[in-house]
Amino acid sequence: MKEFIEKIKQNSFVKMVSKNQRLIIEGAVVSAVFAYALSNILRRSFLSIESINEAVANTNFVTAYILLAVCFISGCILYAYWRTFTKILMFASVLVYAVLSVIFAEGLMFSNFAKNEIGKACFAGIWCFIAVLAFLYVKNDIFKVLEKLNLSKMAMWIIIGVIGVAIVIFVGGVGVYRYLSYANSTFDMGIFAQMYEHMRKTFMMNTTVERSYLLSHLGVHFSPIFYLGLPIYMLCPSAATVQVIQAIMIALPVIPIALLGKHFKLNNRIIVLLTLIYALFPATAQGTFYDMHENCFLTFVLLMLFWAVEKRKNIWMIIMIILVFMTKEDAGIYMTIFGTYMLFSRRDKIRGVILMISGGVTMVVGMAIVKSFGLGVLDDRLGNLMFGSGGLFKIVQTFIANPAFVVGQMITNADAGKFDKIEFYILFFVPMAALIFTTGRKYTKYILLLPIIVLNLATTYPYLHDIGFQYNYGPIALIMYLALLNLADMPMRKRKTMTGVALICCTIFFFAFPFMKLPSYVKSYNASRQTTKTLDEVIDQVPTDASVLTTGWIMPHLSKNLYAYDAGHINDAENHYKNPNYCDNCGVFDKNGITKNTMHTNKCPKNPDYLVYDARSAEDYQYFKPFVESGKYDLVVDKPNLIQVYKRK
């Protein structure tokens, strides 16, 4: 027996197997994973993820087994001749299948199917874990290939420019198609579209729909930074242009990200990947899908401020402080926290103190200006952190008095039946976790997360912790800066690994959430083209100098009318019409029955020139009924079940 075993050992084939057993095992594993992913891609199994009947019962297993075997044999042959290529191909096949799975999970309503409000976010998270495991196994092979690519400075900027243009096309495309499809409403598209028209004609930031009477937007938020977009709007005065302005502002941060990357001595490849990570980070694009807001300017001006401070460029720093101040009355908190970090990290104590003071001053001044224009700061959005009256200082008292309560609020949702906070944690932090939670011993960096804790996580106002809204653009700037700081402290190999992990996670979450919006709106627009054409033709018949009463989905398309109002937000219209001497909108209250003023006669929302009723929503007729039944309006256009236009006699 011993002689027989010895002869086997002397066999050349056995020697070869014994010598290369690691490679053989690796080749078999790599080929198996490659075959499993590729065969499922070819069979399009990602289309059947909701029902076990579709996923299993309808599968032709003979075909599945044959295809799996063919792919496995192909993988083994490829591995024998092109080992590195096959390993990378294995990772690519896993990533592609993950992306296809999350894309086609778009139609899977987890909340209805499995009573799971955060199911889609968890689904994407699991695929991130699987894809990252595949990446970590082949990362050295990927790095060897990338090292052969000599990326010059010019090539780097060209690629970054392409990424920026892609952001404009995607974000702008979603925004424009939302508008063309009548998929956006008064709040908030109608507000800013009409405001830009006021700015074009009067240079004033006025709007009649934000609070149902003529009011400067400065009475709601201090954001004169909108004037930076006015030249673009002047070139093409259309509500769709407002969406393009927002898209441009979302794309511009790739510039300071690259500048900061160069400052921190990151190589060109890492910088390009980091700008791509910003583009694919789900909150970057998703935050624009509720249309235009001043917050879209915030990421760019904050990152430019961080760059100016890092480079000690005082003129640029002053310019950016002014622009942050012009963005929003509460934007100074980001300057204050950044200055606090610069002070305590000892990176730049003088400029840190300057920024701390500047942030506090700009917030006080901005809030005072908003109050002087009319309505005061909307601090009720942080109401769960304030006991009694007293304004924002009450939040500080809450943090001092009971930190355990504050931590509890960080997982408390707006509604007991929702999981919005947990979903926000997954969508906002998981994609970037490899870059923001992997650091050395310099823990002062995490001071930068304080505004996110206070403004996004500790509040129960639902939109502040929803990546589908605009409140994440300040936090995005902090997250990207924190990622840059951490990358600068990492050794090269770890730097490449963590960047790769973040890119994979951002890619999967991007395709799971923002990506499907563009084809969805394009499809919606194409399907309803005749309807939207008819709506456009009817709306074009309303003179732009007339006062108009309409409802949400029509309002953005009447933004050229400087006195257009949303009927759903006009208080007590019926009672007003019964007592025409009283109007809380235009200030008419004549106890002696003396004649009404010009505003009430011509521009009052309760005495409009035209009524534009969106007949697609029968319940909206309640807003127009008092006017129609008054006998003071004639029906001039009637498209049954679509739109009606009434003109005052």
Inset, instruction - Find the distance between NZ (Lys144) and CD1 (Ile88) and round it off to the nearest 0.5 Å. - result: 10.0 Å
Legend entry - Matching residue for Phe192 among His293, His221, His198 - test: ring pair (Phe, Tyr, Trp, His ring centres under 6.0 Å): His293
Inset, instruction - Starting at CD1 of Ile250, measure out to SG of Cys296 and round the result to the nearest 0.5 Å. - result: 5.5 Å
Legend entry - Over all atoms of both residues, closest heavy-atom pair of Ser345 and Thr444: CB-OG1, 3.6 Å
Legend entry - Distance, nearest 0.5 Å, that separates CD1 of Ile436 from CG of Leu485: 12.0 Å
Inset, instruction - Applying side-chain hydrogen bond (donor to acceptor under 3.5 Å, both in side chains) between Ser223 and each of Lys328, Glu329, Glu294, report the one that passes. - result: Glu294
Inset, instruction - Check whether any side-chain heavy atom of Val370 lies under 4.5 Å from a side-chain heavy atom of Met367, and answer yes or no. - result: no
Inset, instruction - Kindly determine whether Leu484 and Phe306 satisfy side-chain contact (heavy atoms from CB on, under 4.5 Å), including the steps that lead there. - result: CA-CA 11 Å; Leu484 283 155; Phe306 301 163; over 6 Å; no
Inset, instruction - Tell me, yes or no, whether the heavy-atom count around Leu235 atom CG, taken from other residues, nucleotides or ligands under 6.0 Å, exceeds 12. - result: yes
Legend entry - Lys120/Glu423 salt bridge by N-O under 4.0 Å criterion: no
Legend entry - Side chain Lys421, main chain Gln409, donor-acceptor under 3.5 Å: yes
Inset, instruction - Apply ring pair (Phe, Tyr, Trp, His ring centres under 6.0 Å) to Phe226 and Phe297, showing your working. - result: CA-CA 9 Å; Phe226 276 117; Phe297 294 86; 5.8 Å; yes
Legend entry - Check: Phe510 and Phe281 side chains under 4.5 Å, non-hydrogen atoms: no
Inset, instruction - Compare all side-chain heavy atoms of Tyr481 with those of Tyr341 and state whether any distance is below 4.5 angstrom. - result: yes
Inset, instruction - Report the C-alpha separation of Ile452 and Phe428 in whole Å, then their side-chain angles, then the decisive distance to 0.1 Å, and conclude whether the side-chain contact (heavy atoms from CB on, under 4.5 Å) test is met. - result: CA-CA 11 Å; Ile452 305 175; Phe428 197 80; 4.2 Å; yes
Inset, instruction - Give a yes or no on whether the backbone of Gln470 and the side-chain of Tyr463 come within a donor-acceptor separation of less than 3.5 Å. - result: no
Inset, instruction - Compute the centroid of each ring, for Phe300 and then for Tyr473, and state whether the two points are separated by less than 6.0 Å. - result: no
Legend entry - Ile411, CD1: over 12 other non-hydrogen atoms inside 6.0 angstrom: no
Legend entry - Phe129 atom CZ, neighbour heavy-atom count above 12 within 6.0 Å: no
Inset, instruction - Mind checking side-chain hydrogen bond (donor to acceptor under 3.5 Å, both in side chains) for Asp348 and listing every partner two or more places apart, or none if nothing turns up? - result: Arg351
Inset, instruction - Find out whether Leu487 and Phe264 are in side-chain contact, i.e. whether some heavy atom of one side chain is under 4.5 Å from a heavy atom of the other. - result: no
Inset, instruction - Would you check if the side chain of Asn472 reaches a backbone N or O of Asp466 as a donor-acceptor pair within less than 3.5 Å? - result: yes
Inset, instruction - For residues Val94 and Ala131, report the shortest heavy-atom separation together with the two atoms involved. - result: CG1-CA, 4.1 Å
Legend entry - Side-chain donor-acceptor pair present, Lys445, Asn486, cut-off under 3.5 Å: yes
Legend entry - From CA spacing to verdict: side-chain contact (heavy atoms from CB on, under 4.5 Å), Leu427, Phe513: CA-CA 9 Å; Leu427 297 181; Phe513 288 88; 3.4 Å; yes
Legend entry - Euclidean distance, Met195 CE relative to Glu210 CD, rounded to 0.5 Å: 8.5 Å
Legend entry - Donor-acceptor contact below 3.5 Å, side chain Thr336 vs main chain Gly332: yes
Inset, instruction - For the residue pair Thr207 and Gln194, confirm or rule out a side-chain donor-acceptor distance under 3.5 Å. - result: yes
Inset, instruction - Verify whether one side chain among Arg493 and Asn140 offers a donor that lies under 3.5 Å from an acceptor in the other. - result: yes
Legend entry - Result of checking Phe289, Tyr290, Phe424, Tyr461 against Phe469 for ring pair (Phe, Tyr, Trp, His ring centres under 6.0 Å): Tyr290
Legend entry - Nearest non-hydrogen partners of Leu228 and Pro231, listed with the distance: O-CD, 3.4 Å
Legend entry - Audit row: Arg347, Glu310, salt bridge (charged side-chain N to carboxylate O under 4.0 Å, His left out) steps and yes/no: CA-CA 9 Å; Arg347 293 176 66 85; Glu310 288 284 355; 2.8 Å; yes
Legend entry - Test: Arg200 and Glu197 ion pair at under 4.0 Å: yes
Legend entry - Nearest non-hydrogen partners of Leu303 and Pro253, listed with the distance: CD1-CB, 3.9 Å
Inset, instruction - Could you tell me the separation between the CG atom of Leu298 and the CG atom of Asp330, rounded to the nearest 0.5 Å? - result: 8.5 Å
Inset, instruction - Give the intermediate values and the outcome of ring pair (Phe, Tyr, Trp, His ring centres under 6.0 Å) for residues Phe91 and Tyr137. - result: CA-CA 8 Å; Phe91 160 67; Tyr137 187 78; over 10 Å; no
Inset, instruction - Could you tell me whether the side chain of Thr459 and the main chain of Asn456 form a donor-acceptor pair under 3.5 Å? - result: no
Inset, instruction - Show the numbers, then the answer: is there a side-chain contact (heavy atoms from CB on, under 4.5 Å) between Tyr278 and Ile163? - result: CA-CA 10 Å; Tyr278 164 77; Ile163 293 171; over 6 Å; no
Inset, instruction - Taking Asp291 for its side chain and Asp188 for its backbone only, find out whether a donor-acceptor pair lies under 3.5 Å. - result: no
Inset, instruction - Check whether any side-chain heavy atom of Ile357 sits under 4.5 Å from a side-chain heavy atom of Met335, and report yes or no. - result: no
Inset, instruction - Would you name the heavy atoms of Cys128 and Phe509 that are closest together and state the gap between them? - result: SG-CE1, 3.4 Å
Legend entry - Value rounded to 0.5 Å, distance of CD1 in Ile277 from CE in Met432: 6.0 Å
Legend entry - Under 3.5 Å: donor-acceptor pair, side chain of Tyr227, backbone of Phe203: yes
Legend entry - Heavy atoms from other residues, nucleotides or ligands near CZ of Phe429 exceed 12 (cutoff 6.0 Å): yes
Legend entry - Over 12 non-hydrogen atoms of neighbours within 6.0 angstrom of CH2 in Trp316: no
Legend entry - Heavy-atom check, side chain of Thr284 versus side chain of Val171, under 4.5 Å: no
Inset, instruction - May I ask you to check whether over 12 heavy atoms, not counting those of Ile315, lie within 6.0 Å of atom CD1? - result: no
Inset, instruction - May I ask you to check whether over 12 heavy atoms, not counting those of Lys494, lie within 6.0 Å of atom NZ? - result: yes
Legend entry - Thr438 side chain vs Leu435 backbone, donor-acceptor pair below 3.5 Å: no
Inset, instruction - Provide the closest heavy-atom pair for Phe170 versus Pro514 in the form atom of the first, atom of the second, distance. - result: CZ-O, 3.3 Å
Legend entry - Flag side-chain contact, heavy atom, 4.5 Å: Asn206 against Leu215: no
Inset, instruction - Using a 4.5 Å cut-off on heavy atoms from C-beta on, say whether the side chain of Ile225 contacts that of Phe325. - result: no
Legend entry - Donor-acceptor under 3.5 Å (Arg495 side chain, Ile270 main chain): no
